[in-house]
Trainee: 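To start, I am sharing the structure in question, which I have written as structure tokens.
Below, chains carry the letters A, B, ... as their sequence lines are ordered, and counting in each starts from 1.
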Amino acid sequence: MLLIDLARTSAAVAADSARLAKIRHLGELLCRVGADEAEIAIAYLSGELPQRQIGVGWRSLSDLPEPRQVATATLTRVDELLERIKSRSGAGSQAARRELLGELFGALTRQEQSFMHRLLTGELRQGALNGVMIEAIAMAANVPAAEVRRALTLRGSLPAVGAAALRGGVAELKAFHLEVGRAVAPMLAQSAPSVTAALEKAGAPAAVEWKLDGVRVQAHRSGDRVAVFTRTLDDITAQVPELVEAVLGLPGTDLVLDGEVIALRPDGRPEPFQVTSGRVASRTDVASLRATVPLTVFFFDALRVDGADLLDLPDEERHAALEAAVPAGLVTPRLVTADADEAEAFFGDAVRRGHEGVVVKSLRTPYAAGRRGAGWVKVKPRHTLDLVVLAAEWGSGRRRGRLSNLHLGAYDPETGGFVMLGKTFKGLTDELLTWQTEQFLRLAEGPADDYVVTLRPALVVEIAFDGVQRSSRYPGGMALRFARVLRYRPDKRPEEADTAAAVRALMP
DNA sequence: TTCCGACAGTGGGGTCGCAAT
DNA sequence: ATTGCGACCCCACTATCGGAA
């Protein structure tokens, strides 16, 4: 199959806003693709690469050759070139990569170049990713979507699952099973503003567990072999020896456990997320890092214990299996209750101990991997500040033509100026985007067509955020985590905004 | 007919490793 | 030694479609 077929399908998918139409476009293409190229087609059309990552981003894609007039590139040929690009490493590899990218793009038409550029930068923006592709595969292979979804959960790769479905239908999909050593798509959580609201979503009685501000891990053990995966199924076994040892210390030898690793201080309180994140990401000198920043693991779910797959069991039974397989010290603290006050108190205690919040879990739901079902609902405390809009950036995609991303500052009474604390684009409705674009253009100091439009500090906006963290990027040495807009404060003047000193007081 | 679950899009801060400068 | 880039850790929120109620 030719790449142009995919580029055309992608354009058709983007042009139709209806999900069913997108599914039809994708499904029709999948009916035409040969078995040898099915994985490539599914990967590309759901915004992925079979290689996963190849070391090419937006910067490497500048200065591309002129397009061709005639489309001749096959999927196999493109895949080969991407494979060669990925395999390059070491000195001179960037020049080599550029040359191979030139060879690839030089063989593509304008439409193919655009498609490949968006694919490689992770910005396909056709309104269809895995969710729609699952339905398209189901249509093309004439199988129930639930079967595709189940196989994806267990295999973790939609191209592999889709190719199997097209090849062998339901029979081949049913052959996928939980394999120790092969990462499962992790179950995700919705969020709620309060524990009481979360209990309503999950249904009482429910389990309330500490939400630790660390890195999600899935640990597999088969005999004396252990493998550890992240949320995106990256293998980080070598970076977390403490976890490997903890799992090897368990009596069971056939395990798949779900949990969180976190760096704790000697007093047991959590380190800031930055510390845990840096430790987990470090590949060099792990042995000495474990002495200074030791990691602790807390498990909260069991997907397999001693030969038994538990995914389809209700939470309650999986947790019982977890407690039987893992000593209490390695299990995330948990309270089962139907009482909202009791649950709120448990939440308050977790937060006082420095943790991120809680996750409220329905006792009845199976491990619904890869979907944000109401089975798990997270609750975190929310801070707010009144800050001043210092500048704004023009949006992209559906926000093109509107000033979208706000630069936020706290007031500094000593200088009469403002200290930038970060940016946000979250929480804005279309209506608010339109309104603020108008306002900002009136306040613009300097050219309004620059990417960043600097404003006269006049507008106060109420911002919600999860916490203040250390920053090397911003002048105050601090930045907001997960900042989002709640509302504008026309009743407040900029000098009435929260001060930099007040924000500093929130630093851990 | 209305409601609501699931999805995709739109970007945020931080860290590490690696290649180039 | 420093810088830029790519990849990946954490992520919140709104708009939309289409099936459920």
Trainee: Checking A:Val132 against A:Gln126 for the side chain to side chain contact (heavy atoms under 4.5 Å, CB included) test, could you report, in this order, the C-alpha distance in whole Å, the side-chain angles of both residues, the deciding distance, and whether it holds?
Mentor: CA-CA 11 Å; A:Val132 173; A:Gln126 58 179 15; over 6 Å; no
Trainee: Could you state the CG-P distance from A:Leu403 to B:dT10, rounded to the nearest angstrom?
Mentor: 16 Å
Trainee: Give the nucleotide from the list B:dT10, C:dG18, B:dA6 with an atom nearest to the side chain of A:Leu20.
Mentor: C:dG18
Trainee: Which residue, A:Arg484 or A:Phe273, contacts DNA chain C at a nucleotide closer to its 5' end, judged by nearest heavy atom?
Mentor: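 Its nucleotide being nearer the 5' end, the pick is A:Phe273.
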Trainee: Closer than 4.0 Å, any side-chain N/O of A:Asn405 to the OP1 or OP2 of B:dT10?
Mentor: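 No, outside the criterion.
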Trainee: Could you check which of B:dG14, C:dT14, C:dC9 has an atom nearest any side-chain atom of A:Val215?
Mentor: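 Nearest to the side chain of A:Val215 among the choices is C:dC9.
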Trainee: Any strand is fair game: report the nucleotide pairing with B:dC7 by Watson-Crick or G-U wobble, both distances under 3.5 Å, or none.
Mentor: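 B:dC7 is unpaired by these criteria.
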Trainee: Could you check how far CG of A:Leu406 sits from C1' of B:dG13, rounded to whole Å?
Mentor: 16 Å
Trainee: Does the side chain of A:Arg98 pick up a donor-acceptor pair with the side chain of A:Ser60 at under 3.5 Å?
Mentor: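 Note: A:Arg98 and A:Ser60 side chains miss the donor-acceptor criterion.
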Trainee: May I ask you to check if A:Arg481 and A:Phe273 form a cation-pi contact, with NZ or CZ under 6.0 angstrom from the six-membered ring centre and within 45° of the axis?
Mentor: yes
Trainee: With a non-hydrogen cut-off below 4.0 angstrom, is A:Arg279 in contact with a base, only sugar-phosphate, or nothing?
Mentor: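 Here A:Arg279 touches no strand at all.
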Trainee: Looking at every strand, decide which applies to A:Thr424 at a 4.0 Å heavy-atom threshold: base, sugar-phosphate, or nothing.
Mentor: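 Counting heavy atoms under 4.0 Å across all strands, no contact is made by A:Thr424.
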Trainee: Whole angstroms only, please: what is the NZ-C1' distance between A:Lys201 and B:dG5?
Mentor: 10 Å
Trainee: Let me know, please, whether A:Leu421 or A:Ala281 comes out on the 5' side of the other along DNA chain B by nearest nucleotide.
Mentor: A:Leu421
Trainee: Check every strand shown and say whether A:Asn130 touches a base, only sugar-phosphate, or nothing at a heavy-atom separation below 4.0 Å.
Mentor: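 Counting heavy atoms under 4.0 Å across all strands, the contact made by A:Asn130 is with sugar-phosphate only.
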Trainee: Of the options B:dC7, B:dG12, C:dC10, whose atoms approach the side-chain atoms of A:Phe425 most closely?
Mentor: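 Out of B:dC7, B:dG12, C:dC10, the nucleotide with an atom closest to A:Phe425's side chain is B:dG12.
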Trainee: Counting the atoms with a prime plus P, OP1 and OP2 as sugar-phosphate, which does A:Val280 contact under 4.0 Å by heavy atoms, base, sugar-phosphate, or nothing?
Mentor: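 No contact.
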Trainee: Answer yes if the side chains of A:Arg149 and A:Thr153 hold a donor-acceptor pair under 3.5 Å, and no otherwise.
Mentor: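 A:Arg149 vs A:Thr153: no donor-acceptor pair found between side chains.
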Trainee: Provide, to the nearest angstrom, the distance between the CD1 atom belonging to A:Ile236 and the P atom belonging to B:dT15.
Mentor: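 Computing the A:Ile236:CD1 to B:dT15:P distance gives 18 Å.
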Trainee: Mind calculating the distance between CD1 (A:Ile262) and P (C:dC10) to the nearest angstrom?
Mentor: 12 Å
Trainee: So, OP1 or OP2 of C:dC17: does either fall under 4.0 Å of a side-chain N or O from A:Ser17?
Mentor: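 The answer is yes; a side-chain N or O of A:Ser17 sits under 4.0 Å from OP1 or OP2.
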Trainee: Roughly, in whole Å, what's the span from NZ in A:Lys378 to P in C:dC10?
Mentor: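 Rounded to whole Å, this separation is 10 Å.
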Trainee: Ignoring the backbone of A:Thr230, work out which of C:dC9, C:dC11, C:dA15 is nearest its side chain.
Mentor: C:dC9
Trainee: Please determine if a side-chain N or O atom of A:Ser404 lies less than 4.0 Å away from the OP1 or OP2 oxygen of B:dG11.
Mentor: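 Answer is yes, contact under 4.0 Å.
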Trainee: Going by an N to O cut-off under 4.0 Å, is there a salt bridge joining A:Asp234 and A:Arg52?
Mentor: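 Judged by the 4.0 Å cut-off on N to carboxylate O distance, A:Asp234 and A:Arg52 do form a salt bridge.
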Trainee: For A:Lys22, which contact category applies under a 4.0 Å heavy-atom criterion: base, sugar-phosphate, or nothing?
Mentor: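 Counting heavy atoms under 4.0 Å across all strands, no contact is made by A:Lys22.
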Trainee: Check this one for me: any side-chain N or O of A:Arg97 less than 4.0 Å away from OP1 or OP2 of C:dG6?
Mentor: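 False: A:Arg97 side-chain N/O out of range (4.0 Å or more) of C:dG6 OP1/OP2.
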Trainee: Taking only side-chain nitrogens and oxygens of A:Ser282, does any of them come within less than 4.0 Å of OP1 or OP2 of B:dT15?
Mentor: no
Trainee: Please tell me which of the listed nucleotides, B:dG11, B:dC7, B:dG13, lies nearest to the side chain of A:Ser396?
Mentor: B:dG11
Trainee: For the side chain of A:Asp430, starting at C-beta, report the closest nucleotide among B:dA19, C:dA15, B:dC16.
Mentor: C:dA15
Trainee: Any idea which of B:dA8, C:dC5, C:dG19 is nearest the A:Trp58 side chain?
Mentor: C:dC5
Trainee: Which listed nucleotide (C:dA15, C:dG6, B:dC7) is nearest to the side chain of A:Ser60?
Mentor: C:dG6
Trainee: Counting the benzene-type ring for Trp, do A:Phe298 and A:Trp210 have ring centres under 6.0 Å apart?
Mentor: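 That pair fails the under 6.0 Å test.
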Trainee: A:Arg231 side chain N/O closer than 4.0 Å to the phosphate oxygens (OP1, OP2) of C:dC10?
Mentor: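 Result: yes.
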Trainee: How is A:Val485 classified with respect to the nucleic acid when contacts are heavy atoms under 4.0 Å: base, sugar-phosphate, or nothing?
Mentor: nothing
Trainee: Nearest to the A:Gln274 side chain among C:dA7, C:dA12, B:dG14, which nucleotide is it?
Mentor: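 Shortest atom-to-atom distance from the side chain points to B:dG14.
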Trainee: Should A:Ser471 be listed as having a side-chain N or O under 4.0 Å from OP1 or OP2 of B:dG14?
Mentor: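 Affirmative; the distance criterion is met.
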Trainee: Within the pair A:Arg59 and C:dC5, is there a side-chain N or O less than 4.0 Å away from OP1 or OP2?
Mentor: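 It does, given that an N or O in the side chain of A:Arg59 lies less than 4.0 Å from OP1 or OP2 of C:dC5.
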Trainee: Check every strand shown and say whether A:Ala128 touches a base, only sugar-phosphate, or nothing at a heavy-atom separation below 4.0 Å.
Mentor: sugar-phosphate
Trainee: Toward the 5' end of DNA chain B, which comes first, A:Arg283 or A:Arg481, by nearest nucleotide?
Mentor: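 That would be A:Arg481.
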Trainee: Determine the contact category for A:Lys380: base if any of its heavy atoms lies under 4.0 Å from a base atom, sugar-phosphate if only primed atoms, P, OP1 or OP2 are that close, otherwise nothing.
Mentor: sugar-phosphate
Trainee: Compare side-chain N and O positions of A:Lys426 against OP1 and OP2 of B:dG9 and report whether any pair is under 4.0 Å apart.
Mentor: no
Trainee: Indicate whether OP1 or OP2 belonging to B:dG13 is found under 4.0 Å from a side-chain N or O atom of A:Arg473.
Mentor: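 Yes, such a contact exists.
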Trainee: When we call it a touch if two heavy atoms are under 4.0 Å apart, what does A:Glu123 touch: a base, just sugar-phosphate, or nothing?
Mentor: nothing
Trainee: Once you round it to whole Å, what is the distance between P of B:dT15 and CD of A:Gln239?
Mentor: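 The distance from CD of A:Gln239 to P of B:dT15 comes to 17 Å, rounded to the nearest Å.
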Trainee: Does a side-chain N-to-carboxylate-O contact under 4.0 Å join A:Asp315 and A:Lys361?
Mentor: no
Trainee: For A:Ile54, report the nucleic acid contact type (base, sugar-phosphate, nothing); a contact means any heavy atom under 4.0 Å.
Mentor: sugar-phosphate
Trainee: With a non-hydrogen cut-off below 4.0 angstrom, is A:Ser89 in contact with a base, only sugar-phosphate, or nothing?
Mentor: sugar-phosphate
Trainee: Using a heavy-atom cut-off of under 4.0 Å over every strand shown, decide if A:Ala479 touches base, sugar-phosphate, or nothing.
Mentor: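 Result for A:Ala479 = sugar-phosphate.
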Trainee: OP1 or OP2 of C:dT16 sitting under 4.0 Å from any side-chain N/O of A:Arg398?
Mentor: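 It does, given that an N or O in the side chain of A:Arg398 lies less than 4.0 Å from OP1 or OP2 of C:dT16.
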Trainee: Quiz question: by atom type and distance under 3.5 Å, do the side chains of A:Gln439 and A:Tyr488 form a donor-acceptor pair?
Mentor: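 Judged by distance alone, the side chains do not pair up.
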Trainee: Given B:dA19, C:dC9, C:dC8, identify the nucleotide with an atom nearest to the side chain of A:Gln94.
Mentor: B:dA19
Trainee: For A:Asp16 and B:dA8, what is the distance between atoms CG and C1' respectively, to the nearest whole Å?
Mentor: 16 Å
Trainee: Which atoms form the tightest heavy-atom contact between A:Leu408 and A:Leu387, and what is the distance?
Mentor: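 So the two residues come closest at CB-CD1, 4.0 Å.
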